[in-house]
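Remarks on the structure that follows.
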Amino acid sequence: MHKVLVVGDRLFMKFPDFSYLEKRAVEADARIVLTKGMSHEQIRDEVREAAAIIVIGHPITRDMIENAPGLKLIMTLSVGYDVVDVAAATERGIIVSNSPTYCSSEVAEHALTLVLTLSRKIQELIPHVRDGGWDYKQTKPIHAFTTRKLGIIGLGRIGRQSAQKAAAFGMEVAAYDPYVDDDIFERLGVERFYDLEPMLAACDAITIHAPLTDETYHLIDDAALAAMPRHAVLVNTARGAIVDRPSLERALKSNAIAAAGIDVLEVEPPTGEEELLHMPNAIVTPHIAWYSEESHRQNEVLGMDELVRVLRGQRPRYVVNPQIFSRR
Ligand code: NAD
């Protein structure tokens, strides 16, 4: 019987009930082993006998991978797979698979909700009314969406849905994505920027939808924030480490930008030390952009479909390192 290791505090928070996973594992003659409460060293020992790892948020490191001779699959039940040492897995012919489609619409909705909320300055109006105020001038100026430009960093699945939703509100849309062909920009009616800084300078709102990579780590730093207009808002629903948090806190404190909407932090859950959590011009949500009742269900169904496929010797639909098949 195959052993399938379930790893990561975020996964245990996301799926408090594993009955569906356990039921589906039987189809592949597999049993689910939960690693809740285990140390990295204990998990590394458990991996030795495993055929598959299902993970969210916990690093799957080279030492773990090299300690697992029977490992066939590392599957993230998330879109991002930055926690997995993909190079180490690829060297050993282990499939790395992610869940790229289950929540694209939800994340775009959450990002746009933050852009619209911050642009209408709702975060300032809530305390104003609670304190007895009733004056529209409190948040002057607010501009019509039809006069505003949204800049998208990363025009992939979520970026494209965000572009369409923003266009439905009458916003002009621009994007920076060095890896997407011109025809995608043309088809979506999105203005293309080949460099990031000019787009930051030209937009009233920026939303990030790129993966966390060596190239995007702290992409939004002091210099990037200084390029944005003072009235601009920044939204990050991608990965926390794409934004240098202390830089963002400085920019918000000095009003170098107007406001930020943040769903992801470099360290999650937050330590409590983050100034951002208490700033009046920031909205922070608890890594929830992926969530709806529908996407939650899709996440486990699509994930277990993939697991069953691989353990039965078939190829999964979503492979991060397809080069391992050509080598085989
Ligand atoms: P995707 O792979 O479809 O699109 C990512 C896009 O980013 C691609 O078009 C790629 O070319 C582009 N990109 C890569 N490097 C770039 C760079 N240096 N500069 C600009 N663009 C770059 O992924 P997606 O489904 O759109 O998801 C995007 C990210 O959103 C994921 O990697 C994940 O980290 C994050 N996410 C967060 C949540 C949440 O709940 N907050 C949920 C799902 C996904």
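Worth saying up front: this structure is predicted, and the values here are computed from it rather than measured. What you see below is based on every heavy atom in this structure, not just the backbone, and it leaves out hydrogens, waters and symmetry mates. All ligand and atom numbering here is 1-based and tracks the order in the structure.
- With a 4.0 Å cut-off on non-hydrogen atoms, Val180 touches ligand 1 through its side chain and not its backbone.
- Using modelled atom types and a 3.5 Å distance limit, the side chains of Thr285 and Asp263 yield a donor-acceptor pair.
- Residue Thr216 places no N or O, backbone or side chain, under 3.5 Å from any N or O of ligand 1.
- The nearest protein atom to atom 35 (C) of ligand 1, hydrogens excluded, is given as Ala238 O, 3.5 Å; this is a heavy-atom distance.
- Less than 4.0 angstrom separates some heavy atom of Leu155 from each of these atoms of ligand 1: 9 (O).
- Following chains of ILVMFWY side-chain contacts shorter than 4.5 Å, one can reach Leu112 starting from Val173, so the two form part of one hydrophobic cluster.
- Note on Val115: it clusters hydrophobically with Val190, by side-chain heavy-atom contacts below 4.5 Å among ILVMFWY residues.
- The shortest N or O to N or O distance between Asp82 and ligand 1 is not below 3.5 Å.
- Shown in contact with Pro178 at under 4.0 Å from a heavy atom are these atoms of ligand 1, numbered in order with element: 19 (N), 20 (C), 21 (N).
- Heavy atoms of Ile158 found under 4.0 angstrom from ligand 1 belong to the backbone as well as the side chain.
- Residue-environment remark: CZ (Phe169) stays at or below the threshold of 12 foreign heavy atoms within 6.0 Å.
- Proximity of His287 to ligand 1, defined as any heavy-atom pair under 4.0 Å, is confined to the side chain (atoms from C-beta onward).
- A salt bridge links Glu27 with Arg24: at least one charged nitrogen is closer than 4.0 Å to a carboxylate oxygen.
- Within 6.0 Å of atom CZ in Arg317, more than 12 heavy atoms from other residues, nucleotides or ligands are found, so the atom counts as buried in its surroundings.
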Please report the C-alpha distance between Asn321 and Thr90 in whole Å, then the side-chain angles of each, then the deciding distance to 0.1 Å, and finally whether the side chain to side chain donor-acceptor pair (under 3.5 Å) criterion is met. CA-CA 7 Å; Asn321 54 350; Thr90 305; 3.2 Å; yes
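- Atoms of ligand 1 lying under 4.0 Å from at least one heavy atom of Cys103, given by number and element, are 42 (C), 43 (C).
- Among the atoms of Thr213, none of the N or O lies under 3.5 angstrom from an N or O of ligand 1.
- In this structure, a donor-acceptor pair under 3.5 Å is present between the side chains of Asp222 and Ser247.
- Relative to the ring axis of Tyr176, Arg192 does not place its NZ or CZ within 45° and under 6.0 Å from the centre.
- For atom 19 (N) of ligand 1, the candidate residues are Trp290, Tyr179, Tyr81, Tyr176; the nearest heavy-atom contact is made by Tyr176.
- Contacts between Ser78 and ligand 1 below 4.0 angstrom, taking non-hydrogen atoms only, are absent altogether.
- A heavy-atom separation below 4.0 Å is not found between Ser104 and ligand 1.
- Taking the centre of each ring, Phe15 and His296 come in below the 6.0 Å mark.
- The nearest protein atom to atom 7 (O) of ligand 1, hydrogens excluded, is given as Pro211 CD, 3.3 Å; this is a heavy-atom distance.
- At a distance under 4.0 Å, a protein heavy atom can be found next to atom 27 (O) of ligand 1.
- Ligand 1 does not have Leu212 within reach: every non-hydrogen atom of the residue lies 4.0 Å or more from it.
- The shell of residues lying under 4.0 angstrom from ligand 1, judged by heavy atoms, includes Val107.
- At the top of the distance list for atom 5 (C) of ligand 1, counting protein heavy atoms only, stands His209 O, 3.5 Å.
- Remark: ligand 1 and Tyr102 share no N or O pair separated by less than 3.5 Å (distance only, no angle test).
- Just one of Asp63, Asn67, Thr61 meets the side-chain hydrogen bond (donor to acceptor under 3.5 Å, both in side chains) condition when paired with Arg44; it is Asp63.
- Looking only at atom types and distance, the side chain of Glu109 has no donor-acceptor partner in the side chain of Thr113 under 3.5 Å away.
- Of the protein's heavy atoms, Val79 CG1, 3.8 Å lies nearest to atom 31 (C) of ligand 1.
- Within a 6.0 Å radius of CG in Asp9, no more than 12 heavy atoms belonging to other residues, nucleotides or ligands are found.
- The closest heavy-atom contact to atom 10 (C) of ligand 1, among the options Asp177, Leu196, Leu219, comes from Asp177.
- Looking only at protein heavy atoms, the nearest one to atom 29 (C) of ligand 1 is Ala210 O, 3.9 Å.
- What sits closest to atom 4 (O) of ligand 1 on the protein, heavy atoms only, is Gly156 CA, 3.2 Å.
- Considering only non-hydrogen protein atoms, atom 21 (N) of ligand 1 sits nearest to Gly154 CA, 3.5 Å.
- When hydrogens are left out, the protein atom nearest atom 37 (C) of ligand 1 is Thr237 O, 3.1 Å; that is the closest non-hydrogen contact.
- Residues Trp134 and His128 place their aromatic rings such that the two centres sit no closer than 6.0 Å.
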For His231 and His143: C-alpha separation, side-chain torsions, deciding distance, then whether ring-ring contact (aromatic ring centres under 6.0 Å, His included) applies. CA-CA 11 Å; His231 69 269; His143 294 281; 7.2 Å; no
